[in-house]
Amino acid sequence: MIVFIFYRLLQAIPVLLVVGLVAFAMFTYVGDPVAAMLGQDYTEARRIALVHKLGLDRPFYEQFAHYIWAALHGNFGFSYRLAEPVSSLFAQRLPATLELSFTATVFAVVLGVPMGVYAGIWRKSWVSRAFMLISLIGVSLPTFLIGVLLILVFSVQLGWLPSFGRGHVTQLGWWSTGFLTWSGIKALILPAITLGLFELTLIMRLVRAEMLEVLRTDYIKFARARGLRARSIHFSHALRNTLVPVITIIGLQLGGVIAYSLVTETVFQWPGMGLLFIQSVAVADIPVMSAYLLLVGVVFVVINLVVDLLYYAVDPRLRIDRKRHDG
Amino acid sequence: MRMEPGTAVAETTTAGRRAGWRDSDLWYSFSHSPLAIGSATVGLICVLGALGAPWIAPHDPFNVASLSLLDSFKVPLHSWSYPLGTDEQGRDMLSAIMYGGRVSLAVGAASVLFAVVLGVAVGLVAGYAGGPVDAVLMRAADVQLTFPAILMALLVDGVVGAIVPRERHEAVQFYVIVFAIGISRWPQFARTVRGSTLVERGKDYVAAARVIGIGRLRILFGHILPNVLGPVLVIGTLTLGLAILDEATLSFLGVGLPPTEPSLGTLIRIGDDFLFSGQWWVTVFPGVALVLLVLSINLLGDWLRDALNPRLR
């Protein structure tokens, strides 16, 4: 096990280095910060002085090391568009994105798992068929269209929920939360449903497929033969054995949630990291883009690592397989 | 496809070939699945409507001379000449949707083609070469698979946008989008093809080809390639749906194709501005068209997967 963790960590390092390299290459070679900072008339001496001051005349590996070193200290440079440090921009917007992603995931899990269990047990009933139809449409509906349609129904026609922003937020230190006010919670509902719907359909389909698989096994037949109650068979025997892959998928889907939060935040003008990134792409604000890439890369590597470790820790069979492959 | 001993001779005539097709498992499965027939019909209508837009669309939405602001924001079914209503410039929504579907399909098909060519080539080479080549290529595919496609496409789009001078943006944007979506969707093809190549590599016909001295490239592309294309067809169909959604999402975010060539995603984005003033049809109809197109492609892909691989059902 320890060898496996070590091996996995070793694999993560080159991935992080590649992500860092891409981010650095974007940061350094796309656009010309010197020309932008000097303006229209300048002397050659001033240009050389600025190049030297920014460290652009140093060898490539030194610049790269400097960039990574600065990034490790939370220094990602200044945004071209907003002329603020990228790190403070991220700190302002991180709470909005995290609260949205968290709520969407909770929504998807709390609804998706029971729906999947139901559709797996009573696979022929019309409710299950309706669930499957909904999930099929859910896969074919792009996230932004779900958002637009929800706004059309609940904000424009019915006027129940706000269509943009976070409502009133409360400051807890540097963290701003929308959970504590009624308007903040109301503003969260539509974006969270929009973001969570795709994940919900995925979880539901997976739980259903796993339930069908497990319900076919001998130990379930044996449990039935022993005369156990259906409730006990379905929940403590069957569902428990479906949870390992479900946990994995939920973990891996966190990456998808981050990616699609870009879309959701644009539709609802949600002041998070995704909206910041989209606005930066539109005007090629490279420091923000490269820092976002670096951050997302780190988050993905960490999620993958944690999920892998969880998987191997929970399911002993995989550890044996692993040994056989290696040996 | 099943081959009865008796049909081998009949196969050589045209009529026999057609009968062979009608006897095939694939055709049987298709003609006995109402869902497959229904989605193929809807999909075909969408595709024909989109491809034939210049000839069958009731109006030309790009002909500025024919537009009249007096016709702006006509309600759907208000008159026969504008069955789905008009937008703020008096453009017929039905025609705009048909032309938009054309752009969406073109981008989707081109990016899937790009992803297929790249993914199949990588998969073949990785599966046949094995060793460190395989390890490096598949590791790259793994890393990319953990990165959501839409994020990848956005990054590529952003970087190219910064490199290419601003005045050339409109000219290259189509290729940028195709490249961005294609490059984010190749790993699926590479992994599948690599898996099948590993199986095919060990078979006798490959050994025989090698023994009679056929070159490595010809074995790869002439002998192994035709035998690993089945799953590629299935993934390709499902990826076409995803690629169309990717393009729509990029266009909705405002980093897709220029508004002079509106795709379905661009139409939805434009309509989004009029959501609060009550002109819902400017958004909803392009959205419905998009969902119908993608849903029928997805259903066809699901059916194809089940029909080609009976073990899955």
Side-chain angles (χ1 to χ4, degrees), chain A residues 11-12 14-15 18-19 22-23 25-26 29-31 136-137 139-149 151-153 155-157 163 252-253 255-263 265-267 274 277-286 288-290 292-293 296-297 300-301 303-304 307, chain B residues 35 139-140 142-143 145-164 166 184 238 241-242 244-255 264-265 268-269 271-272 274-278 280 283-284 286-288 290-299 302:
Chain A
Q11 280 191 331
V15 174
V18 169
V19 172
V22 173
M26 268 170 71
Y29 298 111
V30 178
L136 201 66
I137 295 172
V139 173
S140 307
L141 255 171
T143 305
F144 68 89
L145 195 56
I146 297 172
V148 168
L149 294 179
I151 289 179
L152 181 64
V153 174
S155 303
V156 179
Q157 305 285 339
S163 65
L252 290 177
Q253 274 301 302
V257 169
I258 291 173
Y260 283 97
S261 71
L262 288 170
V263 181
E265 287 179 10
T266 308
V267 176
F277 179 69
I278 290 289
Q279 289 163 345
S280 305
V281 169
V283 296
D285 191 347
I286 294 294
V288 177
M289 283 166 67
S290 72
Y292 186 84
L293 172 68
V296 169
F300 276 26
V301 168
I303 288 174
N304 274 317
V307 167
Chain B
L35 202 61
R139 202 65 214 142
D142 280 348
V143 170
L145 265 186
T146 60
F147 231 66
I150 194 75
L151 203 59
M152 187 76 202
L154 265 172
L155 276 173
V156 171
D157 189 78
V159 171
V160 175
I163 294 172
V164 177
R166 206 154 268 281
S184 62
L238 292 171
L242 289 173
I244 291 176
L245 289 187
D246 283 347
E247 186 277 326
T249 305
L250 289 177
S251 291
F252 181 81
L253 293 176
V255 294
L264 290 175
I268 296 170
R269 178 168 63 105
D272 192 34
F274 303 105
L275 215 53
F276 284 90
S277 47
W280 53 269
T283 320
V284 170
V288 169
L290 180 67
V291 173
L292 276 182
L293 180 64
V294 174
L295 187 62
S296 59
I297 292 174
N298 280 347
L299 285 171
D302 277 351

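Quick note: numbers below take in every heavy atom, side chains included, and nothing from hydrogens, waters or symmetry partners. All of these numbers come straight from a predicted model, not from anything done at the bench. Every chain is numbered from 1, with letters handed out A, B, ... down the list of sequences.
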Does the side chain to side chain contact (heavy atoms under 4.5 Å, CB included) test come out yes or no for A:L152 and B:V284, once each step is laid out? CA-CA 9 Å; A:L152 181 64; B:V284 170; 3.6 Å; yes

Which bit of B:I297 is near chain A, if near means a heavy-atom gap under 4.5 Å: side chain, backbone, both or neither? neither

Does any backbone or side-chain atom of A:I278 lie under 4.5 Å from a heavy atom of chain B? Answer side chain, backbone, both or neither. side chain

Whatever's closer than 4.5 Å to a heavy atom in chain A on B:I268 counts as side chain

For B:I244, which atoms come within 4.5 Å of any heavy atom of chain A: side chain, backbone, both, or neither? neither

Which one wins on heavy-atom pair count under 4.5 Å against chain B: A:T266, A:L136, A:I151? A:L136

Worked check of side chain to side chain contact (heavy atoms under 4.5 Å, CB included) between A:L145 and B:F252: CA-CA 9 Å; A:L145 195 56; B:F252 181 81; over 6 Å; no

Could you tell me the separation between the OG1 atom of B:T249 and the OH atom of A:Y260, rounded to the nearest 0.5 Å? 6.0 Å

For residues A:F144 and B:L253, determine if any side-chain heavy atom of one lies less than 4.5 Å from a side-chain heavy atom of the other. no

Heavy atoms of A:S140 and B:N298 approach each other most closely as OG-ND2, 3.1 Å

